[in-house]
Each structure stands twice: as structure tokens, then as C-alpha cells.
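For reference, the structure discussed in these notes is given below.
The structure presented is a predicted model; accordingly, all values stated were derived computationally and were not measured. We count ligands from 1, going down the list as the structure has it; atoms in each ligand are counted the same way. Heads up: numbering here begins at 1 and tracks the sequence. All values below were derived from every heavy atom in this structure, side-chain atoms included, with hydrogens, water molecules and symmetry-related copies excluded.
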Amino acid sequence: MDALITAVGLQKYFGSFHVLQDIDFAIAKGEVVCIIGPSGSGKSTFLRCINQLEKIDAGYVAIEGEIVGYRRDGNKLHPLSQSEIARQRQSVGMVFQRFHLFPHKTVLQNIVEGPVGVQKRPKRDCIDEAKTLLNRVGLSLKADAYPGELSGGQQQRVAIARSLAMKPKAMLFDEPTSALDPELVGEVLSVMKELAASGTTMIVVTHELGFCREVADRVLFMDAGRIVDCGTPAEILENPRNPRVKNFISAVL
Ligand code: ADP
Ligand code: MG
């Protein structure tokens with residue numbers, strides 16, 4: 001497999017608490033992996049390690065062969081500076097449960113902030129691209145609205161567009177629909193389905209098993225800091241061989 005992101009022997013502690021225990025993982029370009037598992041099992045921490053929002057204690061994450069947080073110099077690895085980490089972090093987009101939009105900026109301004117302010121790309125191009133992205137997430141009429149004027153589902157779609165505007169190599173989603181009213185979940189999932197169908201590499205932490213079944217190439221089950229099982233949606237969701245997976249799925253359904 002030609003992996004886009006790999007994690008090898010990943011270990012993470014919070015104090016003496018061993019939150020990620022020997023995580024080995026690889027996702028190919030264009031693949032969609034859903035991560036399910038009980039609350040507190042380390043799903044968010046895993047995504048945060050990939051995106052360098054948490055420090056890795058042992059093992060490593062690599063993106064297209066580049067070890068995150070380090071620069072290779074012959075056989076030696078040198079830790080990156082904060083600004084280099086910030087640049088490397090842009091290669092992976094992340095969408096959270098809460099949308100974190102800038103409340104005092106319009107939808108369009110929210111989307112162009114990263115590409116113009118951070119990536120220093122030409123403003124005209126970024127605005128054109130932002131409009132294309134807004135169309136893609138079904139919000140072309142909301143370019144000049146403020147986040148406070150939008151529903152949670154619309155805000156989350158803006159957050160997805162804002163993340164895509166940075167042209168990431170992969171997208172990480174951490175329970176992107178958990179904070180939404182039930183009637184708004186579908187509009188966000190359908191945007192994510194379109195992204196998946198168009199070849200976006202995605203890691204999605206979610207409790208939406210219907211989405212996993214329909215969209216995931218593989219489903220990972222995490223429990224107590226470990227990847228306990230991994231397989232196709234049919235293997236994991238329909239006929240779970242692992243009793244912990246079976247219990248979890250019957251509790252979620
Ligand atoms: P999940 O996303 O699967 O619910 P998390 O990755 O958020 O799980 O958390 C895994 C465990 O690590 C939980 O027990 C949580 O309380 C703990 N944890 C998460 N973040 C921190 C932190 N910054 N400091 C200490 N403990 C944390
Ligand atoms: Mg979480």
C-alpha cells in the first residue's frame with residue numbers, strides 16, 4: 001500500500017496515564033477510514049497526534065514519508081521549530097465537533113483567512129476558490145453572512161470549506177456531527193460523502209454507523225488506547241468477531 005499517513009508504534013501519555021498504546025496505522029491516498037469506539041478510548045488524541053496538536057511520546061507519525069515534527073538530515077532527525085510545525089500542520093485539515101469560526105468575520109472571510117493570511121497566496125485566487133468551495137458545500141448564498149446567522153449544520157459546512165481552502169493532503173474529522181441537532185446531521189454527512197466520493201483521503205471519528213457503512217473503506221475500533229479491531233464496514237459492523245466491538249455496536253444502534 002502506498003500510504004499517505006502512517007503511525008508506527010505510537011505511544012502517548014497524559015502524566016502516568018497511557019492514553020495511546022502502540023498504535024500502528026496506515027491510510028492510503030484516497031482512502032476513507034472511520035474510527036469508532038467508546039468515549040475516552042483515545043480517538044481524539046490519535047487525530048491530535050497526527051496533526052501535532054499533541055506531542056508524541058514514542059513511535060512516530062509520517063505524512064508522505066516525512067516524520068511529523070522532525071526534519072531529516074542524512075541519518076539524523078532534528079526537531080522542527082514552532083513555525084515549521086505550523087507549516088507542516090497545514091498538510092492535514094481538521095474539522096472538530098465545534099466549528100471554531102471567527103464570529104466577527106463573514107463566511108467568505110473565514111474561508112480566505114488561512115490561504116491569504118497564513119499561506120500568503122494571492123487574494124483574488126483565494127476568493128475565487130472560496131466561492132467554488134462554498135458552492136461545493138451548498139452555501140454559495142451565504143458568502144457574506146456571519147457565523148452567528150447560520151445554523152450549526154451550515155457553520156460546520158463552512159468549517160469544512162475553510163479547512164479545504166488550505167489544500168490539505170488529508171482531512172481529519174473529529175465527531176463533526178456530534179454537536180448538531182439531529183435534523184442538521186444529514187447535510188454535513190452529505191458534504192463529507194461528496195468529499196469521499198471525489199477521492200479525498202479522510203479519517204473520520206464518528207458514531208454515525210450508517211455513514212461508516214456507506215462511505216468507509218475500513219473501520220477501526222478503538223478501546224482503551226488501542227486499535228482493537230480493523231476491517232471492512234461489513235466485517236466490523238455487520239458481523240463483529242470481537243465481543244467488545246459487538247457490545248459497542250449494539251449500544252450505539
Ligand atoms: P475519545 O476521543 O476517544 O473520547 P480522548 O482522546 O479525548 O478520547 O481521551 C482519551 C483519554 O485521555 C480520556 O480518558 C481523557 O480523559 C484523557 N485526556 C484527553 N486529553 C487529556 C489531557 N489534555 N490531559 C489529560 N488527560 C486527557
Ligand atoms: Mg473525542
Next item on the list: Share the residues that join Tyr146 in a hydrophobic cluster, the rule being Ile, Leu, Val, Met, Phe, Trp or Tyr side chains under 4.5 Å apart at the heavy-atom level.
Entry: none
Margin query: I'd like to know if the side chain of Gln156 reaches the main chain of Gly153, judged simply by a donor and an acceptor atom lying under 3.5 Å from each other, with no hydrogens or angles considered.
Written below: no
Next item on the list: State whether Lys29 and Glu64 are salt-bridged, where the test is any N-O pair (Lys NZ or Arg NE/NH1/NH2 against Asp/Glu carboxylate O) under 4.0 Å.
Entry: no
Next item on the list: Using a strict cut-off of under 4.0 Å between a residue heavy atom and any atom of ligand 1, list the qualifying protein residues by chain and number.
Entry: Phe14, Phe17, Val19, Pro38, Ser39, Gly40, Ser41, Gly42, Lys43, Ser44, Thr45
Next item on the list: Kindly state whether the ring of Phe46 and the ring of Phe25 have centres lying under 6.0 angstrom apart.
Entry: yes
Check: Between Arg121 and Glu129, is there a side-chain N and carboxylate O pair less than 4.0 Å apart?
Finding: yes
Checklist line | SB check Arg162 Glu113 (cutoff 4.0 Å) | finding: no
Next item on the list: Please state whether the rings of Phe248 and His207 are parallel, tilted or perpendicular, taking 30° and 60° as the class boundaries.
Entry: tilted
Notebook entry, point to check: How would you list, by chain and number, every residue that makes a side-chain contact (heavy atoms from CB on, under 4.5 Å) with Asn242, sequence neighbours excluded?
Noted result: Val228, Asp229, Arg244, Val245
Note to self: Please determine whether residues Ile50 and Leu220 belong to a single hydrophobic cluster, defined as Ile, Leu, Val, Met, Phe, Trp and Tyr linked transitively by side-chain heavy-atom distances below 4.5 Å.
What the structure shows: yes
Notebook entry, point to check: Counting no waters, what protein N/O/S atoms lie under 2.8 Å from the Mg ion (ligand 2)?
Noted result: Ser44 OG
